[in-house]
Participant: 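Encoded as structure tokens, here's the structure I'll be asking about.
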There are 4 protein chains.
Amino acid sequence: MPETTGVRQQQARRTRAAVLAAAAAVFVDQGVQAPVRDIAERAGVGVGTVYRHFPTRADLVTAVYRHQIDTCAALAPRLLEESASPYSALTCWVDAFVEFLVTKHGLGAALGAGDPGLENLHALMLDTLVPACASLLEACVAADEVGPDLTAYTLMRAIGNLCITGPDYDRSDARNMVATLLVGCRRAAA
Amino acid sequence: MPETTGVRQQQARRTRAAVLAAAAAVFVDQGVQAPVRDIAERAGVGVGTVYRHFPTRADLVTAVYRHQIDTCAALAPRLLEESASPYSALTCWVDAFVEFLVTKHGLGAALGAGDPGLENLHALMLDTLVPACASLLEACVAADEVGPDLTAYTLMRAIGNLCITGPDYDRSDARNMVATLLVGCRRAAA
Amino acid sequence: MPETTGVRQQQARRTRAAVLAAAAAVFVDQGVQAPVRDIAERAGVGVGTVYRHFPTRADLVTAVYRHQIDTCAALAPRLLEESASPYSALTCWVDAFVEFLVTKHGLGAALGAGDPGLENLHALMLDTLVPACASLLEACVAADEVGPDLTAYTLMRAIGNLCITGPDYDRSDARNMVATLLVGCRRAAA
Amino acid sequence: MPETTGVRQQQARRTRAAVLAAAAAVFVDQGVQAPVRDIAERAGVGVGTVYRHFPTRADLVTAVYRHQIDTCAALAPRLLEESASPYSALTCWVDAFVEFLVTKHGLGAALGAGDPGLENLHALMLDTLVPACASLLEACVAADEVGPDLTAYTLMRAIGNLCITGPDYDRSDARNMVATLLVGCRRAAA
DNA sequence: TATGAATGAGAGTTCATTCAT
DNA sequence: GATGAATGAACTCTCATTCAT
């Protein structure tokens with residue numbers, strides 16, 4: 001007699017949520033390479049529990065960022081409708097993507113470095129964000145605001161890389177450089 | 001009266017060169033964080049030998065890249081003289097900088113991540129490449145080809161980040177994105 | 001609601017005890033500077049387990065000797081009550097202290113040499129044994145059995161040093177020399 | 001045609017002397033366990049040279065202290081003649097022995113710990129100092145100033161141990177404790 | 001399910017010792 | 001004889017991962 005959500009399941013879900021929250025916090029502090037133990041401690045659970053819910057580090061990283069990724073992706077069609085031009089929509093969307101990235105200490109670096117074990121997250125971004133970005137990019141191309149030779153994936157990788165911040169290159173620098181990159185993408189008005 | 005370059009010194013120099021070559025190769029394969037042991041093995045020497053020649057990892061990384069860095073820096077004044085415009089000189093120089101970077105697996109990532117223990121290399125680049133880049137940038141600003149709000153350091157960091165390559169974002173992508181960034185920097189002709 | 005002493009805790013405690021026993025044994029054989037790996041092997045555990053229970057070598061050394069130190073310290077007040085004279089109490093207590101020391105191969109030497117990383121143990125002895133010794137010494141001074149110019153700490157260091165045994169200077173020699181030292185401390189009866 | 005002392009031999013002797021002097025200095029600073037390289041550097045020679053002259057560390061330690069040991073031993077008969085009583089001669093001689101020891105950072109500890117590889121020095125002291133001390137002790141026993149149950153070797157080991165100094169137990173403490181020990185050895189006047 | 005004790009591979013680093021020149 | 005570059009064993013410590021309870 002499987003209850004839809006037994007007490008056990010509820011507890012498990014709560015534990016899972018606690019781990020996710022802890023991981024998110026620790027990732028901000030120490031980056032996505034933080035020791036598993038630190039995450040477990042922050043969540044108030046044993047390391048085994050972390051592994052039960054997220055067998056690989058990538059699973060954890062992916063889960064932590066999935067919600068934000070989905071939100072970011074969902075933004076694209078809305079912006080396309082509401083904005084004055086496709087390019088303006090792209091600009092707004094990229095701003096949101098950058099906001100997502102610059103608060104993720106080390107994520108960009110890990111992705112950029114092709115960190116093995118982050119393929120899942122990579123795949124998630126491919127599946128979710130790339131299409132979102134591509135829809136905007138295609139609209140720009142259709143409107144002749146951006147040249148046709150740029151793939152959404154490459155653009156996102158470039159943006160992701162530009163968002164790798166450090167002591168002497170902060171979020172504001174990252175935002176400026178991404179904005180500059182977009183300006184460079186813009187087709188010179190005929 | 002020790003000869004200026006005895007057989008021993010020559011041998012030591014050869015060993016040093018072997019370690020450097022091995023380090024360069026290992027850095028390409030595994031990145032600048034590769035275990036010292038791997039470098040020693042590749043060079044066919046004991047770990048102690050690596051430590052003798054390069055007490056810290058930063059010493060090794062710095063030595064591996066110093067020559068190329070110097071060459072790159074020396075390029076700037078020549079380009080400024082020979083090129084049709086400052087912006088064109090900047091473009092050429094950045095191409096050379098990108099060539100340097102894209103062949104250095106993991107270097108950009110390590111620098112971008114603010115890797116402790118790479119301060120030496122960071123400092124070397126600051127001391128050597130930033131002035132070179134700055135001279136070109138200033139000329140561009142003076143010629144009103146580039147806006148005045150961009151520092152050479154920030155530009156180089158951005159370029160460095162864009163050169164972090166991976167399986168799906170290769171050197172060619174990096175080159176394109178850097179070129180696009182430079183286009184974005186270019187002041188719209190009045 | 002975790003039981004006060006679950007099976008796991010019991011097992012951990014047993015492991016801890018095994019490590020302590022192994023450490024004690026290895027210390028006797030090789031001295032307190034013995035490699036951590038040797039202790040782990042002797043205990044039949046991994047090195048990580050040793051580090052889990054005793055993060056620093058000093059923690060281990062201290063734990064190994066804490067019980068005996070406490071017992072020794074607790075002896076002082078009782079002896080003071082039961083003995084015919086303070087000096088006699090001091091003699092008995094020093095006998096106990098010597099017994100503690102002569103069975104600790106290398107401990108005296110390590111303490112004597114001011115081994116860094118043994119500050120904890122040093123502090124423990126200072127906090128625990130020195131007051132115990134001082135109480136006896138003060139009683140002796142009050143009874144005019146010992147001169148006032150000797151501190152408990154110095155006396156204990158001297159005793160500790162005299163208990164550094166070796167092939168040709170055994171426990172019995174150490175006991176004799178300590179006894180002789182105490183005789184030398186005794187004030188000549190008026 | 002072997003010259004008595006060719007240029008080569010002279011040079012070798014000078015080198016040997018330089019190593020000895022350097023070793024003595026380094027031993028004072030860092031103790032007898034100091035790295036061989038430090039000694040070689042201080043002497044301005046290569047490590048190989050140190051090994052050539054002193055194949056084992058014990059050889060070096062022994063050589064460093066041989067002269068002082070001989071001087072100390074030679075003191076005994078003179079003191080016996082000049083002093084008012086055998087016990088007084090013993091006291092003076094022990095003072096000299098203590099002076100020798102307290103300036104030898106770590107020597108006492110190394111000897112006390114039965115450091116393997118210091119057997120040579122141990123043997124040297126046995127052969128040289130023990131007889132010297134024994135002659136004084138025997139005279140004391142003959143004069144009924146000291147009991148017959150103490151061997152010179154044991155006394156010297158005890159004194160050696162008492163001279164292991166540290167941050168909180170300095171040379172002055174060592175001297176006091178040795179003096180106290182000697183008082184304890186003195187036979188109560190009949 | 002949750003736990004966290006236990007494991008052990010792996011990385012950094014030091015330094016005694018050898019040996020070709 | 002002198003040199004010092006080279007070697008590699010030995011040691012410390014960290015942390016991902018497993019598994020018995």
Side-chain angles (χ1 to χ4, degrees), chain A residues 6-9 11-12 15-16 19 33-38 40-41 43-53 55-57 117, chain B residues 2-3 6-16 18-19 33-38 40 43-53 55-57 117, chain C residues 2-3 6-16 18-19 33-38 40 43-53 55-57 117, chain D residues 6-9 11-16 19 33-38 40-41 43-53 55-57 117:
Chain A
V7 176
R8 282 287 190 54
Q9 275 81 11
Q11 177 51 35
T15 302
R16 193 189 145 91
V19 171
Q33 302 300 348
V36 173
R37 179 155 321 206
D38 289 4
E41 252 161 44
V45 304
V47 285
T49 303
V50 176
Y51 276 97
R52 162 170 289 268
H53 286 287
T56 73
R57 179 188 298 275
Chain B
E3 307 243 356
V7 179
R8 305 290 295 293
Q9 273 79 15
Q10 279 182 11
Q11 176 52 34
R13 213 176 327 247
R14 245 174 284 139
T15 302
R16 193 192 144 94
V19 171
Q33 300 301 348
V36 174
R37 259 186 190 60
D38 289 4
V45 304
V47 285
T49 302
V50 176
Y51 278 100
R52 156 175 286 269
H53 288 287
T56 73
R57 179 190 298 277
Chain C
E3 307 244 355
V7 178
R8 305 289 296 293
Q9 272 80 14
Q10 280 182 11
Q11 177 51 35
R13 214 177 324 249
R14 243 173 285 139
T15 302
R16 193 189 145 94
V19 171
Q33 300 300 349
V36 173
R37 237 194 259 303
D38 289 2
V45 303
V47 285
T49 302
V50 176
Y51 278 100
R52 157 176 285 270
H53 288 287
T56 72
R57 178 189 301 276
Chain D
V7 176
R8 284 287 189 54
Q9 275 79 12
Q11 177 50 36
R13 203 160 315 156
R14 254 189 309 246
T15 302
R16 193 189 145 93
V19 171
Q33 301 300 348
V36 173
R37 178 154 322 206
D38 289 4
E41 252 161 45
V45 303
V47 285
T49 303
V50 176
Y51 277 97
R52 162 170 289 270
H53 287 285
T56 72
R57 179 187 299 276

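We name chains A, B, ... by the order of the sequence lines, and we start the count at 1 in each one. Values reported hereafter were calculated over all heavy atoms of this structure, with side chains retained and with hydrogens, waters and symmetry mates removed. Nothing here was measured: the structure is a model prediction, and the numbers come from that model.
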Participant: Starting at the 5' end of DNA chain F, what dot-bracket string do you get if Watson-Crick and G-U pairs under 3.5 Å are bracketed, crossing pairs use [ ], other-strand pairs use | and unpaired bases use dots?
Facilitator: .||||||||||||||||||||
Participant: Where the side chain of Arg37(B) is concerned, which of dT17(E), dT13(E), dG1(F) is the nearest nucleotide?
Facilitator: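 Looking only at side-chain atoms, Arg37(B) lies closest to dT13(E).
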Participant: Atom CG of Asp38(C) to atom C1' of dA9(F): distance rounded to whole Å?
Facilitator: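 My rounded result for the distance is 14 Å.
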Participant: Give the minimum heavy-atom separation between Arg57(A) and Gln33(A), together with the two atoms involved.
Facilitator: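 Shortest heavy-atom separation between Arg57(A) and Gln33(A) comes out as NH1-C, 3.6 Å.
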Participant: Taking side chain to side chain contact (heavy atoms under 4.5 Å, CB included) as the test, write out the residues that go with Arg37(D), two or more places apart.
Facilitator: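 Expected list: Arg52(B), Glu41(D), Val47(D).
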Participant: Any side-chain N or O of Thr15(D) below 4.0 angstrom from OP1/OP2 of dG1(F)?
Facilitator: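 Thr15(D) to dG1(F) OP1/OP2: no side-chain N or O under 4.0 Å.
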Participant: If I take atom CD in residue Gln10(C) and atom P in nucleotide dT3(E), what distance separates them, rounded to the nearest angstrom?
Facilitator: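 These atoms are roughly 20 Å apart.
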Participant: What is the distance from CD of Gln9(C) to C1' of dA2(E), rounded to the nearest Å?
Facilitator: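 Rounded to whole Å, this separation is 13 Å.
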Participant: Which sits closer to the 5' end of DNA chain F, Val47(C) or Arg16(B), going by the nucleotide each is nearest to?
Facilitator: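 Nearest-nucleotide comparison on DNA chain F picks Arg16(B).
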Participant: Tell me the interatomic distance from Arg13(C), atom CZ, to dA6(E), atom C1', rounded to whole angstroms.
Facilitator: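 Computing the Arg13(C):CZ to dA6(E):C1' distance gives 17 Å.
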Participant: Which of the following nucleotides, dT12(F), dA2(F), dT3(E), is nearest to the side chain of Val36(C)?
Facilitator: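 Nearest nucleotide to the side chain: dT12(F).
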Participant: Quick check: closest heavy atoms across Ala43(B) and Ala18(B), and the distance to 0.1 Å?
Facilitator: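 That would be CB-O, 3.8 Å.
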Participant: Specify the separation, in whole Å, of atom CD of Glu41(A) and atom C1' of dT14(F).
Facilitator: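 Computing the Glu41(A):CD to dT14(F):C1' distance gives 14 Å.
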Participant: Applying side chain to side chain donor-acceptor pair (under 3.5 Å), can you list everything that pairs with Thr15(A), at least two apart in sequence or on another chain?
Facilitator: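 Partners of Thr15(A) by the side chain to side chain donor-acceptor pair (under 3.5 Å) criterion, ordered by chain and then number, come out as Gln11(A).
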Participant: Think His53(A) has a side-chain N or O under 4.0 angstrom from the OP1 or OP2 of dT1(E)?
Facilitator: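 Negative; the distance criterion is not met.
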Participant: Pick the closest DNA chain E nucleotide for Gly46(A) and for Val45(C) by heavy atoms, then say which residue is nearer the 5' end.
Facilitator: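 With Gly46(A) and Val45(C) compared, the 5'-side residue is Gly46(A).
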Participant: Give me the distances for all protein-to-nucleotides 19-21 of chain E N/O pairs that come in under 3.5 Å?
Facilitator:
none

Participant: Specify the separation, in whole Å, of atom CZ of Arg52(D) and atom C1' of dG1(F).
Facilitator: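 It works out to 5 Å between those atoms.
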